[in-house]
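Here is how names work: the chains are called A, B, and so on, in the same order as the sequence lines, proteins then strands, and each is numbered from 1. Please read all numbers here as calculations on a predicted model, not as lab measurements.
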There are 2 protein chains.
Amino acid sequence: MDTVNIMSSESNYHHGSLRAALIKAAFTLLDKDGIDAVTIRQIARVVGVAHSAPANHFKNKRELFTALALEIFKQLSKTLKSELEPNDKNLRESIHAFSKTILDFGLKHPNRYTLLSRRDCFNSSDEELYKSMEEVYQHMTRILSTHSNEDNLDAQSQAIALWSMIHGYVMLRLEGALISGSDELTGEDRQIAIVDVIINGLI
Amino acid sequence: MDTVNIMSSESNYHHGSLRAALIKAAFTLLDKDGIDAVTIRQIARVVGVAHSAPANHFKNKRELFTALALEIFKQLSKTLKSELEPNDKNLRESIHAFSKTILDFGLKHPNRYTLLSRRDCFNSSDEELYKSMEEVYQHMTRILSTHSNEDNLDAQSQAIALWSMIHGYVMLRLEGALISGSDELTGEDRQIAIVDVIINGLI
DNA sequence: ACATCAATATGGACACTGTCAATATAATGA
DNA sequence: TCATTATATTGACAGTGTCCATATTGATGT
């Protein structure tokens, strides 16, 4: 009746939904101990299958990470969508909301966000992945394009500048690379001030 | 006579300056094939010593990468120093020079720059490394502090915003993550426009 | 119902890695 | 000179990704 048996089968030679189980286990390892802890053999161990079973679902480790990255981009895109939904914001509010969503996501899932910036780990020319990446990107370009501004800069440069700063700030926060001088740098006020800098430059 | 024999010794059981040779080989591998190609055993193979010889000079791989990162930070700091030397620039010119230096360095040595943002690979709480990191950072803070501006923002926020955007832009360029829409995004004009965004926000 | 084939899982193997231990050699200093 | 220290060697171990031959199952067409 079901095309996918999860637990009902008496023999458990075939898992039934191994691919999903592998991805789930991979995220558990990723979130807990970082990218290096994500190991094909460890994943297989967690799920309880042979070390070479994953090969049937992911040609190699690169493809596994590609699947993870796709999942993360989708998750991020979904979060952005719901977070930017009430569209009655002006440009400044929209950019703040966008920036805050990205930063919050990065801080909440540091290893997932880090994975996204490790292009060497996955196949970023994968078609489905590319579509998902572009979807995230378009949340931002839409904000910039809907609010017409005195075009001292073309839209592309604005988008890149904004994205560069947000991405850079998140990465620096995650790397712990923000060398503290005299005071604390991780407060929410600071974050708002940072984003204001680029908004002042854009508007 | 010499405390360090490089080639003069008849027996080559002791290399003489193995540590330097290892770092040199490591950079060759890093530049050519990226971080993952930097392997203790491969380095030893290149230099022509036993696979465990490096252990006498680097406790583990982490310490090797720490040494590499230190070298890179020093190199970057030196480049910044010489590039920012003629100090007769105004704020805008100084920031452009700083940004251009960082970006040029990143594009010229992509794998070295990438290594710097992989804090998981090295011990960033190493004292000497920390000093070197702070030196790079201070090139920027000095620019911002010497040119007094109408302080709508505190210096820390300005520094972080600037550094975030430069770092983010370089990373995105290196990752190839700048999804091209209608036109090219990698020209020098684009780079200047990007930096102008944040300058307009700062001033 | 049955034979066949594709999908999926297993265990073994291989080359590679980082790290450790025991040993060998050379340089140094009292 | 001789003991100590620094440096190098070989060997071992567990872990990894990937491939291979084999085994089991689900699905398909007749």
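- Taking a 6.0 Å sphere around CD of B:Q75, one finds it holds more than 12 heavy atoms contributed by other residues, nucleotides or ligands.
- Between A:I198 and A:M165, the closest heavy-atom pair is CB-CE, 3.2 Å.
- A donor N or O paired with an acceptor N or O is not found under 3.5 Å between the base of C:dT19 and the side-chain atoms of B:S52.
- The phosphate of D:dT10 has neither OP1 nor OP2 within less than 4.0 Å of any side-chain N or O from B:R41.
- Closest to the side chain of A:T39, out of D:dT9, D:dT16, C:dA9, is D:dT16.
- Sorted by first and then second residue, the ring-ring contact (aromatic ring centres under 6.0 Å, His included) pairs with a member in residues 83-121 of chain B read B:F105-B:H109, B:Y113-B:H167; sequence neighbours excluded.
- Residue A:I40 places its side chain closer to D:dG17 than to any other of C:dT10, D:dG17, D:dT9.
- Across the interface with DNA chain D, nearest-nucleotide mapping of B:A50 and A:Q42 shows B:A50 to be the residue nearer the 5′ end.
- Applying a 4.0 Å cut-off to non-hydrogen atoms, the residues of residues 55-64 of chain A that approach DNA chain D are A:N60, A:K61, listed by residue number.
- A donor and an acceptor atom, one from each side chain of B:Q191 and B:R173, are nowhere located under 3.5 Å apart.
- For B:H51, taking side-chain heavy atoms from C-beta onward, the closest of the listed nucleotides D:dA12, D:dT16, D:dT9 is D:dA12.
- Expressed to the nearest 0.5 Å, how far CG of A:L144 lies from CG of A:L91 amounts to 6.5 Å.
- Listed by residue number, there are no residues of residues 28-36 of chain B with a heavy-atom contact under 4.0 Å to DNA chain D.
- Taken to the nearest 0.5 Å, the CG atom of A:L116 stands 10.0 Å off from the CG atom of A:L68.
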